[in-house]
Undergrad: 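The structure is given below, and queries will be raised subsequently.
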Amino acid sequence: MKQVYFYDENKKFVSYDVIDDTAEIPANATVVAPVDSNGVGLYDPTWNESTHSWDSLTENEWKKKYTIPEVKPVPTQGEQVAAQQMLAVADLQGKVVTLTSTVDKLSKSNNELNATLAQIMLQNATNAKNGGK
C-alpha cells in the first residue's frame, strides 16, 4: 500500500488516499508528501510539475492570504436598549436592598425607643402613685 496526494486543476493539494502498491498513480496525484524537509506540512501546497515537488507559501504569506480580520459585532439598537434596562433594574434592585436594610434598622431602633418610653412611663406612673417618694 502506498499513500498518494491529490491536487486539483490548479495544482493545489486537495486530499490524500492509500492505494495498492501495484495500482497506477492517477494523473492528478503524486507519492511526494506535501511536507518540508522536517516533515512539517506546507502552507497552501501547490504541485510543481517541473521540479516534481510541492511549492509552499511562507507562514506570513499564508496569514495575509487567508486570515480574516476579526469583525466585532455591533449590538442592535434593541440590544442596547435591553442592556440599559438591565442596568437600570440592577441599580433599582441594589437600592431596594439598601432601603430594606435601612427600614429594618429603623424599625428595630423604633421598637427599642418604644420599650424605653414604656419603662419611663411605668416608672413615672409608679412614682406618681407613691406620691413622688
Side-chain angles (χ1 to χ4, degrees):
M1 301 301 274
K2 58 185 164 189
Q3 198 158 4
V4 292
Y5 303 90
F6 293 91
Y7 47 87
D8 64 15
E9 63 277 357
N10 297 317
K11 308 291 186 205
K12 297 289 184 185
F13 171 78
V14 289
S15 66
Y16 66 93
D17 201 355
V18 177
I19 62 173
D20 192 13
D21 285 333
T22 59
E24 188 175 322
I25 298 172
N28 65 329
T30 179
V31 293
V32 178
V35 295
D36 66 13
S37 58
N38 296 318
V40 177
L42 302 175
Y43 290 95
D44 200 19
T46 304
W47 181 246
N48 186 326
E49 289 283 345
S50 61
T51 62
H52 294 288
S53 64
W54 293 97
D55 294 334
S56 175
L57 297 178
T58 66
E59 181 179 358
N60 286 338
E61 290 169 334
W62 186 88
K63 284 180 179 179
K64 284 179 186 176
K65 185 174 181 179
Y66 292 106
T67 302
I68 299 170
E70 182 181 348
V71 177
K72 295 184 180 181
V74 177
T76 65
Q77 186 173 358
E79 290 169 332
Q80 290 175 358
V81 169
Q84 289 171 344
Q85 288 173 343
M86 286 191 297
L87 288 173
V89 167
D91 182 55
L92 289 173
Q93 287 173 330
K95 288 178 180 176
V96 166
V97 168
T98 301
L99 286 173
T100 301
S101 174
T102 302
V103 167
D104 288 345
K105 288 176 186 174
L106 288 174
S107 278
K108 183 178 178 184
S109 189
N110 189 44
N111 289 339
E112 290 171 358
L113 286 173
N114 283 339
T116 302
L117 182 58
Q119 286 177 346
I120 291 171
M121 289 174 68
L122 180 60
Q123 185 64 46
N124 284 344
T126 302
N127 288 344
K129 183 178 176 186
N130 291 332
K133 295 181 185 179

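Bear in mind that the values here come from a model prediction, so they are computed numbers and not experimental data.
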Undergrad: Taking side chain to side chain donor-acceptor pair (under 3.5 Å) as the definition, give me every residue that meets it alongside Ser107, ordered by chain and number, with sequence neighbours left out.
TA: none

Undergrad: Roughly how far, to the nearest 0.5 Å, is the CG atom of Asp20 from the CE atom of Met1?
TA: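 Result: 6.0 Å between the selected atoms.
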
Undergrad: Is it true that atom CD of Glu49 has more than 12 heavy atoms of other residues, nucleotides or ligands lying nearer than 6.0 Å?
TA: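 Yes, CD of Glu49 has more than 12 neighbouring heavy atoms, counting only those of other groups under 6.0 Å.
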
Undergrad: On a heavy-atom basis, which atom in Asn48 and which in Ser50 lie closest, and how many Å separate them?
TA: OD1-OG, 2.7 Å

Undergrad: Treat each ILVMFWY residue as a node, draw an edge where side-chain heavy atoms are under 4.5 Å apart, and state whether Ile19 and Tyr5 are in one component.
TA: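 Each belongs to a different hydrophobic cluster.
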
Undergrad: Could you tell me whether the side chain of Thr116 and the main chain of Glu112 form a donor-acceptor pair under 3.5 Å?
TA: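 Side chain of Thr116 to backbone of Glu112: a pair is present.
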
Undergrad: Hey, is NZ on Lys63 packed in by over 12 heavy atoms from elsewhere, all under 6.0 Å?
TA: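 Open: at most 12 neighbouring heavy atoms sit under 6.0 Å from NZ of Lys63.
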
Undergrad: Pair Lys108, Asp104 - check salt bridge (Lys or Arg N to Asp or Glu O under 4.0 Å), show working.
TA: CA-CA 6 Å; Lys108 183 178 178 184; Asp104 288 345; over 6 Å; no

Undergrad: To the nearest 0.5 Å, what is the distance between CG on Leu87 and CG on Leu92?
TA: 11.0 Å

Undergrad: Find out whether Tyr7 and Trp54 are in side-chain contact, i.e. whether some heavy atom of one side chain is under 4.5 Å from a heavy atom of the other.
TA: yes

Undergrad: Between Val31 and Val4, is there a side-chain heavy-atom distance shorter than 4.5 Å?
TA: yes

Undergrad: Please round to the nearest 0.5 Å and tell me the distance separating atom CD of Glu79 and atom CE of Met86.
TA: 9.5 Å

Undergrad: Keeping Thr100 on the side-chain end and Val96 on the backbone end, is there a donor-acceptor pair under 3.5 Å?
TA: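 It does hold such a pair.
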
Undergrad: For residues Trp47 and His52, determine if any side-chain heavy atom of one lies less than 4.5 Å from a side-chain heavy atom of the other.
TA: yes

Undergrad: Counting N and O atoms only, with roles assigned by atom type, does the side chain of Asp8 sit under 3.5 Å from a partner on the main chain of Asn10, one being a donor and the other an acceptor?
TA: yes

Undergrad: Working note: Thr58 + Asn60, criterion side-chain hydrogen bond (donor to acceptor under 3.5 Å, both in side chains); need CA distance, chi angles, decisive distance, verdict.
TA: CA-CA 5 Å; Thr58 66; Asn60 286 338; 5.5 Å; no

Undergrad: Between atom CG of Asp55 and atom CG of Leu42, what is the distance when rounded to the nearest 0.5 Å?
TA: 9.0 Å

Undergrad: Any non-hydrogen side-chain atom of Lys2 less than 4.5 Å from a side-chain atom of Ile25?
TA: yes

Undergrad: Under a 4.5 Å cut-off applied to non-hydrogen side-chain atoms, are Asp44 and Tyr66 in contact?
TA: yes

Undergrad: For Pro45, does its backbone N or O pair with a side-chain atom of Ser56 as donor and acceptor, under 3.5 Å?
TA: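 Checked: no pair found.
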
Undergrad: Would you compute the distance between atom CD of Gln123 and atom CD of Gln119 and round it to the nearest 0.5 angstrom?
TA: 9.5 Å

Undergrad: Nearest 0.5 Å please: distance from the OG atom of Ser53 over to the CG atom of Asp36.
TA: 12.5 Å

